[in-house]
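Predicted, not measured: the structure shown is a model, and the values here were computed from it. FYI, the numbering just counts along the sequence from 1.
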Amino acid sequence: MPNIKSAKKRVKVTKIKDARNQAARSALRTTLKKFDAAVVSGDKAVAETAYKAAVKAVDKAAAKHLLHKNNAANKKSALTLKLNAVK
């Protein structure tokens with residue numbers, strides 16, 4: 001346990017930021033899973049709606065530095081390929 005006042009504050013702030021990041025990461029995963037489910041169902045309209053939400057979530061995650069920008073671009077590319085594969 002830290003003894004210095006600033007170190008104690010760092011522990012508190014880090015705990016709050018970790019919780020916020022974990023929630024955002026979980027929300028991103030949920031959105032991506034919803035898109036995958038829409039693709040598996042085969043309904044093009046539902047898949048397109050889920051695709052828009054997924055791309056937006058990936059962009060937000062990249063803006064918040066939860067994902068590296070190249071990783072986000074890679075994910076969006078993979079999402080687009082999956083969407084185009086839907087009949």
Side-chain angles (χ1 to χ4, degrees):
M1 215 39 218
N3 295 324
I4 299 169
K5 189 175 183 180
S6 61
K8 289 178 184 178
K9 182 177 178 183
R10 282 280 107 222
V11 169
K12 286 182 181 179
V13 170
T14 302
K15 190 178 289 188
I16 292 167
K17 285 186 176 183
D18 285 347
R20 186 177 299 136
N21 286 338
Q22 180 61 40
R25 207 174 293 118
S26 177
L28 173 65
R29 287 193 199 110
T30 302
T31 307
L32 294 176
K33 285 179 185 177
K34 286 180 182 177
F35 171 73
D36 286 338
V39 168
V40 170
S41 73
D43 188 0
K44 184 83 169 178
V46 173
E48 285 177 355
T49 306
Y51 170 79
K52 288 179 184 178
V55 168
K56 186 175 181 179
V58 168
D59 284 338
K60 280 187 174 184
K64 293 179 181 179
H65 302 289
L66 291 173
L67 295 176
H68 190 274
K69 64 180 183 175
N70 292 350
N71 185 294
N74 194 2
K75 282 189 188 307
K76 291 194 303 188
S77 176
L79 292 172
T80 305
L81 290 174
K82 284 182 184 179
L83 179 67
N84 291 339
V86 175
K87 297 178 184 173

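Here the closest non-hydrogen pair linking V46 and A38 is CG1-CB, 3.8 Å. Nearest heavy-atom pair across A61 and L28 is CB-CD2, 3.9 Å. Of all non-hydrogen atoms in L32 and A54, the two that sit nearest each other are CD2-CB, 4.1 Å.
Considering only heavy atoms from C-beta on, Y51 stays 4.5 Å or farther from V39 through its side chain. In this structure, E48 and V86 have side chains that are not in contact, with every pair of non-hydrogen atoms separated by 4.5 Å or more. Residues V55 and F35 are not in side-chain contact: their nearest non-hydrogen atoms beyond the backbone lie 4.5 Å or more apart. At least one side-chain heavy atom of D59 sits less than 4.5 Å from a side-chain heavy atom of K76.
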Quiz prompt | Audit row: K56, T31, side chain to side chain contact (heavy atoms under 4.5 Å, CB included) steps and yes/no | solution = CA-CA 10 Å; K56 186 175 181 179; T31 307; over 6 Å; no

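Within 6.0 Å of NZ on K44 lie more than 12 heavy atoms contributed by other residues, nucleotides or ligands. Atom CG of L81 is surrounded by more than 12 heavy atoms from other residues, nucleotides or ligands within 6.0 Å.
Within the structure, every pair that satisfies the side-chain hydrogen bond (donor to acceptor under 3.5 Å, both in side chains) test and touches residues 1-22, not counting sequence neighbours, is listed here: Q22-R25.
In this structure, CG on L79 lies 10.0 Å from CG on N74, to the nearest 0.5 angstrom.
When atom types are taken as modelled, the side chain of S26 and the backbone of A23 share no donor-acceptor pair closer than 3.5 angstrom.
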